[in-house]
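These notes concern the structure reproduced below.
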Amino acid sequence: SDLQSSANTALESLGTFLREHILEPFKAIVNEIFFRHNSPHLDKEALKMSRESLQVMLKDYFDEKFPDLAEEKKLTMAKKMDMEAVSAEYAQLVNYAVTNTIKGEIPRLALIRMQFVEKEMLSMMDAVE
C-alpha cells in the first residue's frame with residue numbers, strides 16, 4: 001500500500017542519513033583517536049587527516065544549512081574550519097535536547113565538535129614536538 005511504501009522510504013532515508021552523518025563520521029573519529037599509534041610521522045598524518053575530515057564535515061554541514069550561500073564562501077568557511085555556525089546551532093538545539101537528539105541534529109553537531117577538539121589536540125601535540 002501507499003502508506004507502507006512511504007513508511008519504507010522514510011525508514012530507508014533515515015537509515016542512510018544516520019549512516020552517513022552519524023555512524024561513519026563517529027567510526028572515523030574513534031579509529032583516528034584510539035587506533036593510531038604515536039609516532040611523529042603518524043601524528044603528522046593524523047593531524048592532516050583530522051583537518052581534512054573536519055573540513056569535509058563542515059562543508060557538508062554548510063551545504064545543508066546554507067544552500068543559498070555562495071559555494072566559494074562555503075568552501076572558504078570549511079577550509080578555515082569556521083565553527084561559529086555549528087556552535088551557535090548547538091547552543092540553540094540543546095534547549096530541546098531529546099527531540100533534537102532523536103532528529104539527529106545534536107549527534108551530528110556533537111560529532112563535528114568532537115572532530116574539532118581532536119584536531120585541536122593533535123595540533124597541540126604537534127606544536128609540542
Side-chain angles (χ1 to χ4, degrees):
S1 73
D2 287 340
L3 181 59
Q4 186 175 6
S5 176
S6 295
N8 286 340
T9 301
L11 194 56
E12 286 175 22
S13 295
L14 178 62
T16 299
F17 175 84
L18 291 174
R19 186 174 48 259
E20 289 177 0
H21 295 285
I22 296 174
L23 182 61
E24 289 174 5
F26 180 74
K27 284 171 42 179
I29 291 168
V30 168
N31 281 334
E32 284 185 32
I33 292 173
F34 296 110
F35 299 110
R36 284 199 157 294
H37 300 291
N38 289 336
S39 78
H41 174 69
L42 287 180
D43 287 345
K44 296 264 188 214
E45 187 64 25
L47 177 56
K48 179 178 179 258
M49 289 176 62
S50 182
R51 284 181 177 143
E52 290 171 356
S53 180
L54 177 60
Q55 289 168 344
V56 168
M57 292 169 89
L58 286 170
K59 177 63 170 64
D60 288 345
Y61 172 79
F62 297 144
D63 284 343
E64 182 180 316
K65 295 296 177 176
F66 307 108
D68 297 331
L69 194 61
E71 187 68 17
E72 185 177 317
K73 176 73 172 164
K74 290 186 280 192
L75 285 168
T76 300
M77 290 168 59
K79 188 173 176 103
K80 289 182 178 178
M81 295 172 271
D82 184 345
M83 293 290 293
E84 186 177 342
V86 171
S87 296
E89 184 178 12
Y90 186 82
Q92 215 173 27
L93 292 177
V94 294
N95 292 325
Y96 302 97
V98 174
T99 300
N100 290 317
T101 298
I102 291 169
K103 289 170 38 181
E105 294 295 327
I106 288 179
R108 179 181 187 194
L109 294 172
L111 288 169
I112 294 171
R113 290 167 57 101
M114 192 181 337
Q115 185 66 32
F116 179 78
V117 169
E118 176 194 308
K119 188 263 313 169
E120 289 295 301
M121 285 178 18
L122 290 171
S123 294
M124 285 186 264
M125 289 170 52
D126 186 55
V128 168
E129 291 178 1

Would you check if the side chain of Gln115 reaches a backbone N or O of Ser50 as a donor-acceptor pair within less than 3.5 Å?
->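 Yes.
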
Is Thr9 reaching over with its side chain to a backbone N or O of Ser5, donor-acceptor style, under 3.5 angstrom?
-> yes

Determine whether more than 12 heavy atoms belonging to other residues, nucleotides or ligands lie under 6.0 Å from atom NZ of Lys65.
->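 Check passes, neighbour count above 12.
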
If you count the non-hydrogen atoms of other residues, nucleotides and ligands that lie under 6.0 Å from CZ in Phe66, is the total more than 12?
-> yes

Dump the intermediate steps for side-chain hydrogen bond (donor to acceptor under 3.5 Å, both in side chains) on Glu89 and Tyr61, then the final yes or no.
-> CA-CA 11 Å; Glu89 184 178 12; Tyr61 172 79; 2.4 Å; yes

Drop me the distance from [X]'s [atom1] to [Y]'s [atom2], to the nearest 0.5 angstrom.
{"X": "Arg19", "Y": "Ile22", "atom1": "CZ", "atom2": "CD1", "value": "12.0 Å"}
{"X": "Glu52", "Y": "Leu47", "atom1": "CD", "atom2": "CG", "value": "10.0 Å"}
{"X": "Glu120", "Y": "Leu54", "atom1": "CD", "atom2": "CG", "value": "9.0 Å"}
{"X": "Lys119", "Y": "Met124", "atom1": "NZ", "atom2": "CE", "value": "9.0 Å"}
{"X": "Met83", "Y": "Leu109", "atom1": "CE", "atom2": "CG", "value": "8.5 Å"}

Contact between [X] and [Y] at the side-chain level, heavy atoms closer than 4.5 Å - yes or no?
{"X": "Glu71", "Y": "Lys59", "answer": "yes"}
{"X": "Ser87", "Y": "Arg113", "answer": "yes"}
{"X": "Met77", "Y": "Leu69", "answer": "yes"}
{"X": "Arg51", "Y": "Leu122", "answer": "no"}

Given Val98, Leu111, Asn100, the one that forms side-chain contact (heavy atoms from CB on, under 4.5 Å) with Ile106 =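 Result for side-chain contact (heavy atoms from CB on, under 4.5 Å) with Ile106: Asn100.
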
Worked verdict on Met57 versus Ser53 for side-chain contact (heavy atoms from CB on, under 4.5 Å) | CA-CA 6 Å; Met57 292 169 89; Ser53 180; 4.0 Å; yes

After noting the C-alpha distance and the side-chain angles of Glu45 and Met49, does the key distance pass the side-chain contact (heavy atoms from CB on, under 4.5 Å) rule?
-> CA-CA 6 Å; Glu45 187 64 25; Met49 289 176 62; 3.8 Å; yes

Residues Leu75, Lys79; criterion side-chain contact (heavy atoms from CB on, under 4.5 Å); working and verdict = CA-CA 6 Å; Leu75 285 168; Lys79 188 173 176 103; over 6 Å; no

In terms of side-chain geometry, is the basic nitrogen of Glu64 or Arg108 positioned less than 4.0 Å from the acidic oxygen of its partner?
->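 Result for this pair is yes, salt bridge flagged.
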
Going hydrophobic residue to hydrophobic residue with side-chain gaps under 4.5 angstrom, can you get from Leu23 over to Ile102?
->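 No; Ile102 is not reachable from Leu23 via cluster members.
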
Determine the minimum heavy-atom distance between Leu58 and Val86, stating which atoms define it.
-> CD2-CG2, 3.7 Å

Which atoms form the tightest heavy-atom contact between Phe62 and Lys74, and what is the distance?
->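 Between these two residues, the closest heavy atoms are O-CD, 3.6 Å.
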
